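Here the structure comes first, spelled out in structure tokens, and everything after it is commentary.
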Amino acid sequence: MSLAAGVGLLSIAQPANASINDMENKKHQIQQKRSNVQSGINKAEAAIKNLQGQQQSVAGKIKNLTNLINETTKEINEKTDKISETKVEIAELRKEIEIVKERMAQREALLKERARAMQASGGNADYLEVLLGSKSFGDFLERVNAVATIMDADQEILRQQEEDKKKLESDQKQLETKLSDLEKMLSDLQAMKAQQKKQVSQLSALMTQLKHKEDETHSHKMDLKEQEELLSAQESSIQQAINLEKTRQAELAAARKRAAEEARQQAALAARQAAQQKASQKTESKAVQSAPAQSSSAPAPAVSSGSFTRPAAGTLSSNFGARWGTKHMGVDIAGPGYIPIVAAADGVVSRAYTSSSYGNVVFISHSINGQVYTTVYAHMQSFSVSTGQVVAKGQQIGVMGSTGQSTGQHLHFELHKGSWNAAKSNAVNPVGIVPF
Ligand SMILES: [Zn+2]
């Protein structure tokens, strides 16, 4: 009997070694993936730094342009003020010119009136009267001088007025030139400001683009980080499974050694008893001696590795495969009320957390007949296990719910042959493997 047990243990030990090798391979694959993901994260970080640098430079340019626009606006205001001042000056000059013109017209009218009167009287009536009214020759000369002075004065006033008018007109011309220069400068400044504003809006658009790109890179980095965390959790759960397998194998080896020792002792005992039987024919001692060997030789029944159990009660409401134009990478089990969710097989919880899409979700790594499987239990109301925990087939891990991206209470259950990845490329149809 002990011999038979030893042989049985030997045959179990063989696939166990293969299982460890397989798990080591899986672990190396995951480590490789992690280093790829890590280099992706490093690249994303470098890209973010670069994008932030670009944004800083663009922000600097925008600041400089804003300062320039402020200066241009100040100049525009100054020019606008000067233009209105110049317009006022021009208006005043025009008024003055009008006044001078008015005065000159009056004076000219007066002189013409005088000339007409002189012609009517065959000479200058006023002057003649003045001259003829002289009492003596001395008085006459004095009166001639006076008349000449009056006439000169008239001429002088006219000349002066003409000069004033010319001066005013030249002033007006100068001011008009100044005004048109100012208006030209103003329109140049306004064009410049429009150009600067256009540059600012272009830079702002670039800034928005850079920010958007940075946001995208951030979320890409977060995705990679989440993937990295999952891979890291899977690696440590596989390591734990390896350790468990090694312990189990050590226990098996010890049991095998014990069994071999017992077999040897039994053989020796049997030989001794045979010898004693031959010698004395005493049979009672054999029954007494064989009892302790029997009690320690029964190995614990092998945990049903390779067999799964249904993860929850309820109806299979959605199958694996195409659904609404997208691929459904698992099956849905739906039902009302309190429905416990259990581990589909023995394994190690590789991750238990709250995801925005999966809701409350538990990932379990299994090593079954040398094959690594990962099961996923999503949308749970709550979970009662934690990352790294060893769970037994049928052990409750949570309660059915509708958390994350879910419509109505159900369990979304995934089975992956190998480890989980974001593309779910290892997902297989659990129907036929897991009993439903
Ligand atoms: Zn589903």
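Just follow the structure's listing: the first ligand is 1, and inside any ligand the first atom is 1. Since this is a predicted model, take the numbers as computed values, not measurements.
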Report the residue from His220, His212, Glu214 that forms a side chain to side chain contact (heavy atoms under 4.5 Å, CB included) with Glu216.
His212
Is His379 close enough to the Zn ion (ligand 1) that one of its N, O or S atoms comes in under 2.8 Å?
no
Restricting to N, O or S atoms, which atom of Asp332 is closest to the Zn ion (ligand 1)?
OD1
In His412, the N/O/S atom nearest the Zn ion (ligand 1) carries the name ND1
Only pairs under 3.5 Å count here: list side-chain donor-acceptor contacts from residues 86-101, not counting sequence neighbours, and write none if there are none.
{"unit_1": "Thr86", "atom_1": "OG1", "unit_2": "Lys82", "atom_2": "O", "d": "2.7"}
{"unit_1": "Arg94", "atom_1": "NH2", "unit_2": "Glu176", "atom_2": "OE2", "d": "2.8"}

Do any side-chain atoms of residues 192-203 form donor-acceptor pairs under 3.5 angstrom with protein atoms, and if so which ones, sequence neighbours left out?
{"unit_1": "Lys193", "atom_1": "NZ", "unit_2": "Thr73", "atom_2": "OG1", "d": "3.2"}
{"unit_1": "Gln196", "atom_1": "OE1", "unit_2": "Thr72", "atom_2": "OG1", "d": "3.1"}
{"unit_1": "Ser201", "atom_1": "OG", "unit_2": "Lys198", "atom_2": "O", "d": "3.0"}

Among Val37, Asn42, Asn36, exactly one meets side chain to side chain contact (heavy atoms under 4.5 Å, CB included) together with Leu224. Which residue is that?
Val37
Of all N, O or S atoms in His328, the one closest to the Zn ion (ligand 1) is NE2
